2 protein chains.
Amino acid sequence: MLPTSSSAGLLANSLDRLLGYQLRRASAVMMADLARELGDIDLRPAEVTALMVIAENAGCSQTEVGQVLGIKRANMVPIVSRLMDRGLVDRERADGRSHALRVTQAGAAVVADAQARIERHEARFSSLFDSATLDVLHAVLPVIRSQRDEAEG
Amino acid sequence: MLPTSSSAGLLANSLDRLLGYQLRRASAVMMADLARELGDIDLRPAEVTALMVIAENAGCSQTEVGQVLGIKRANMVPIVSRLMDRGLVDRERADGRSHALRVTQAGAAVVADAQARIERHEARFSSLFDSATLDVLHAVLPVIRSQRDEAEG
DNA sequence: TATTGTTATACTCTATAACTATA
DNA sequence: TATAGTTATAGAGTATAACAATA
């Protein structure tokens, strides 16, 4: 029945020529692989990214973390709560209304572990391409992102 | 506080060098733009893709549609139900256990409208790059996808 | 008046397990 | 025994609106 394109060749699918669709599918594959790699240490993708940003920016507020990650203030609450409950992140009053977030010693160890896992995960995919191709990707993707870099409105 | 990379320059963020992260953020931006464009005709991204595959493959089953789109059998049920409830898709018994799906006349009109919207959406992003760059993207993304093209297992 | 954190809620997409009826 | 459709349920991420405390 008119097998085209890349997908095994079951049904016709003109979606494959769409950048947005290909981006979505490719991203889903990498996310699934990352989730699997991080599942061992019971961290979800959104939690690791938050943890890493906090590790790199001791004293930042959770609203700031959300702005960098494109996660809304309201959605940061359960993420930070869980990181604190697990003893990976600590916070102290900074401002009366804001908190200064910091990674604990246990948190730093988890970050190191997570980073190693992320490197492995990344390598599985980036090793498929030559450096010129990777350069194109790293030039292009931020441009797409900047078309409407979503933070909090 | 160590502003780096692309994101406005708030906090340090080593995530930006990760292919998977950039892919995820870029995809989210395009998905949000698509959802906005399709919101006018009350179609969600998952529904449009299903509708388009059915339009291109008259007589296919919903399991087949799911396989092409990487959507599990169980998750196809509400998608197809909604398309049928809206009179965009019709089905007849094919096999006793499977149905042959077809786009109705009303469905075909909606597909045409949706395709025009998708073209507009795509153009907003693909116009940012030259054709050599787009060629790289269209070569690379299916390779990433094929690393574990998820259908139903 | 604007901002930080918070609660509550809803929506979209995805995942699993189990059932039915057919083949 | 395997397949197509279905049901029920859970999880992850995201979106909005509203509120309290603070600046």
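Everything quoted here is computed from the prediction, not taken from an experiment.
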Confirm from the modelled atom types if B:Asn75 and C:dA15 form a donor-acceptor pair under 3.5 Å, side chain to base only.
-> yes

Assert: residue with more 5' nearest nucleotide on DNA chain D, out of A:Glu47 and A:Gly96, is A:Glu47

Answer yes or no: is there a side-chain heavy-atom contact under 4.5 Å between B:Leu19 and A:Leu141?
-> yes

B:Asp95 CG to C:dT22 P, in whole Å, measures 11 Å

Could you check if a side-chain atom of A:Val68 sits within less than 4.5 angstrom of a side-chain atom of A:Thr49, using non-hydrogen atoms only?
-> no

Under 4.0 Å between any heavy atoms, over every strand shown, what does A:Arg93 touch: base, sugar-phosphate, or nothing? Just pick one.
-> nothing

From the options D:dG13, C:dT6, C:dT16, select the nucleotide whose nearest atom is closest to the side chain of A:Pro45.
-> D:dG13

Check whether the side chain of B:Arg97 and the base of D:dT3 form a donor-acceptor pair under 3.5 Å.
-> yes

Closest to the B:Ser61 side chain: D:dG5, D:dT6, C:dT7?
-> D:dG5

Nucleotide of D:dA4, D:dG13, D:dT16 approaching A:Lys72 most closely (side-chain heavy atoms) = D:dT16

In whole angstroms, the gap separating P of C:dT14 from CE of A:Met31 amounts to 12 Å

Verify, without hydrogens or angle tests, whether A:Glu47 (side chain) and A:Leu83 (backbone) share a donor-acceptor contact under 3.5 angstrom.
-> no

Approximate separation, where rounding is to 0.5 Å, of A:Leu101 CG and A:Glu64 CD | 9.0 Å

From the list C:dC13, D:dA17, D:dG5, which nucleotide is the closest neighbour of the side chain of A:Ala74?
-> D:dA17

